[in-house]
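Below is one structure, written out as structure tokens; comments come after it.
Just so it is clear: chains get the letters A, B, ... in the order the sequence lines come, proteins before strands, and each one is counted from 1.
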2 protein chains.
Amino acid sequence: MSTRPAATLAQRKRQVVSDELTGAALQLLARKGYDAVTIDEIVATAGVSRRTFFRYFASKEDVVVRFLADLGAGMCAALAARPAAERPSAALRHAVAGTLAACGDHADRALRVVQLILGTPALHARFLERQAEWRDELAAELARRLDLDPGTALYPQLAAGMALTAFNTVLARWSGSDGTEDPAALLAGAFAVLAPALDAPQGTATA
Amino acid sequence: MSTRPAATLAQRKRQVVSDELTGAALQLLARKGYDAVTIDEIVATAGVSRRTFFRYFASKEDVVVRFLADLGAGMCAALAARPAAERPSAALRHAVAGTLAACGDHADRALRVVQLILGTPALHARFLERQAEWRDELAAELARRLDLDPGTALYPQLAAGMALTAFNTVLARWSGSDGTEDPAALLAGAFAVLAPALDAPQGTATA
DNA sequence: CCTACTTTGGCACTCAGTGTCAACGGTGTC
DNA sequence: GACACCGTTGACACTGAGTGCCAAAGTAGG
């Protein structure tokens, strides 16, 4: 919900409205389900006009997905911050782990949002679309790290895709178990499977 | 577009309408872009009522995505048909290759549809959502093949995700090169990267 | 020919999303 | 303090997607 205190008053006011909208939307959607809630209900709860809603969010889906969207940017930043000498599997694992940890901080709310997204086709679709953007950014960062040509090498795209596959698998398990299973442990297990491909010297193909 | 001759007359008529609608939609959408085309234009071109459109397709996105949706079912079937003794990487590679080949049959039309989907956020989102369903089915099939418990083992979900990552990467490259690059060759390259993880004896993790 | 069933078209309705404009509220400047 | 400037807001109108409903047309079967 809230991020930083922000400097100017206008920015702070904007943040307040955004938070109010997000809070109202998340509460209503989690309680009644995605389709059963209209924008009019949300804005009535938040106390702003319908038009204002669309000045803060591009669509009804956006309110929910935004909540997880920042994670993507964080993941790329985390990858870029890893030491250059680190093996790809370790760098990606830490990047994803950091994102997952940020998710765990919000605890309950995050779990409910994830369950809402994974359980609502329209939201799931938007979520995956956002992820496709992360994938491209992660791939670009990987190509930079390994000094590969993004135009010809398949590895960066594939490695980024594998990392996100791990992320999604962990998310699905975590959400399916109502937060019972430990995300960190699941992630470690996932990367144990993926590591041979992520760190292979290339050309060790046996198929 | 067309599938089988169909037996009864009613079914054949239904098929004709469906084809007409799909054809009109694909032609208009590819020419003018997704947002610039309304359902009214599509039904006017196809010569049916607006209401009828929604009796054949759930949404505007559906017309386009349906075109590739059958591929998913084919992919699962192809995997199930592979010999049980085959290594996972080979079985998955053949399953994806078959799907890609089916894509190549329609040649031009398939290329334009893929480019339309990948270039339109709303369509891309729906496409990825469909893929998530394929992923679950592929994972279930893999778990059956390897006699793993889908409830605990992460491997099936991850392997299915990797295969679809390869599929998507190849599709993106193929579409980006306007059909110049060879899908089969790209797929082989992708699976060369993934194979070490797909076929690893499990526990060879080095992270 | 009459009946039962399916398909279709037309209509009205809800809701998402956008463009426009006028009113409001701070922020600076003279 | 009066002024002009700029961003935010609310209200209204409009397009387009998607749904429910009902009556008409076509089809199959007795």
Side-chain angles (χ1 to χ4, degrees), chain A residues 5-26 28-29 32-66 116-117 120-127 129-130, chain B residues 6-22 24-26 28-29 31-66 116-117 120-127 129:
Chain A
T8 131
L9 180 128
Q11 286 176 320
R12 240 175 311 157
K13 279 172 66 178
R14 228 185 132 71
Q15 186 66 44
V16 169
V17 177
S18 178
D19 286 359
E20 198 67 31
L21 241 14
T22 309
L26 254 40
L28 285 170
L29 292 172
K32 305 176 59 177
Y34 185 74
D35 291 323
V37 178
T38 67
I39 306 258
D40 291 275
E41 290 183 78
I42 297 173
V43 298
T45 306
V48 298
S49 80
R50 217 177 85 83
R51 196 65 188 81
T52 295
F53 176 92
F54 287 105
R55 289 196 177 96
Y56 284 81
F57 303 100
S59 66
K60 194 173 153 190
E61 285 125 11
D62 198 33
V63 201
V64 187
V65 174
R66 272 275 186 85
L116 178 64
I117 291 179
T120 307
L123 291 173
H124 195 197
R126 286 291 168 187
F127 178 56
E129 191 216 338
R130 286 259 182 172
Chain B
T8 134
L9 181 129
Q11 287 176 318
R12 238 175 312 155
K13 278 175 65 178
R14 231 186 130 69
Q15 186 65 43
V16 168
V17 177
S18 178
D19 286 358
E20 198 68 31
L21 241 14
T22 309
L26 254 40
L28 285 170
L29 291 171
R31 184 153 49 88
K32 304 176 59 178
Y34 185 74
D35 291 323
V37 177
T38 68
I39 306 257
D40 291 274
E41 290 184 76
I42 297 173
V43 298
T45 307
V48 298
S49 81
R50 216 177 85 84
R51 195 65 190 81
T52 295
F53 176 91
F54 287 104
R55 289 196 178 95
Y56 284 83
F57 303 100
S59 66
K60 194 173 151 190
E61 284 123 12
D62 198 32
V63 200
V64 186
V65 174
R66 273 275 186 82
L116 179 64
I117 291 180
T120 308
L123 291 174
H124 195 198
R126 286 292 168 189
F127 178 55
E129 191 215 340

For [X] and [N], is the shortest distance between a side-chain N/O and OP1 or OP2 below 4.0 Å?
X: A/Tyr56; N: D/dT9; result: yes
X: A/Thr52; N: D/dG10; result: yes
X: B/Ser49; N: C/dG10; result: no

Could you tell me how far apart [X] ([atom1]) and [N] ([atom2]) are, to the nearest whole angstrom?
X: A/Gln11; N: C/dT27; atom1: CD; atom2: P; value: 12 Å
X: B/Tyr34; N: C/dG17; atom1: OH; atom2: C1'; value: 14 Å
X: B/Phe53; N: C/dG9; atom1: CZ; atom2: P; value: 14 Å
X: A/Phe54; N: D/dT15; atom1: CZ; atom2: P; value: 18 Å
X: B/Leu123; N: D/dA17; atom1: CG; atom2: P; value: 13 Å
X: B/Leu21; N: C/dG9; atom1: CG; atom2: P; value: 10 Å
X: B/Ile42; N: D/dG16; atom1: CD1; atom2: P; value: 12 Å
X: B/Asp62; N: D/dA17; atom1: CG; atom2: P; value: 14 Å

Would you mind classifying the nucleic acid contact of [X] as base, sugar-phosphate or nothing, using non-hydrogen atoms under 4.0 angstrom?
X: A/Phe57; value: nothing
X: B/Arg50; value: base
X: A/Val37; value: sugar-phosphate

Close side-chain approach of [X] and [Y], heavy atoms under 4.5 Å:
X: A/Leu21; Y: A/Val63; result: no
X: A/Leu29; Y: A/Glu41; result: no
X: A/Val64; Y: A/Phe127; result: no

Closest approach to the side chain of [X], judged atom by atom: which nucleotide of [options] is it?
X: A/Val48; options: D/dG10, C/dC15, D/dT19; value: D/dG10
X: B/Val17; options: C/dT8, D/dT9, D/dT27; value: C/dT8
X: B/Lys13; options: D/dG26, C/dG17, C/dG9; value: D/dG26

Start at the 5' end of DNA chain D and walk down; is the nucleotide closest to B/Ser59 or to A/Arg14 reached first?
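Whichever sits nearer the 5' end wins; that is A/Arg14.
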Starting at the 5' end of DNA chain C, which residue's closest nucleotide do you reach first, A/Arg55 or A/Asp35?
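Nearer the 5' end of the strand: A/Asp35.
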Where each residue is assigned the nucleotide of DNA chain C containing its nearest heavy atom, which of A/Arg51 and A/Thr38 is assigned the position nearer the 5′ end?
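In this pair, the answer is A/Thr38.
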Between B/Arg126 and A/Glu129, is the closest basic N to carboxylate O distance under 4.0 Å?
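Salt bridge: no.
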Please determine if A/Arg14 forms a cation-pi arrangement with A/Tyr56, meaning its NZ or CZ atom is less than 6.0 Å from the six-membered ring centre and no more than 45° off the ring axis.
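A/Arg14 over A/Tyr56 ring: yes.
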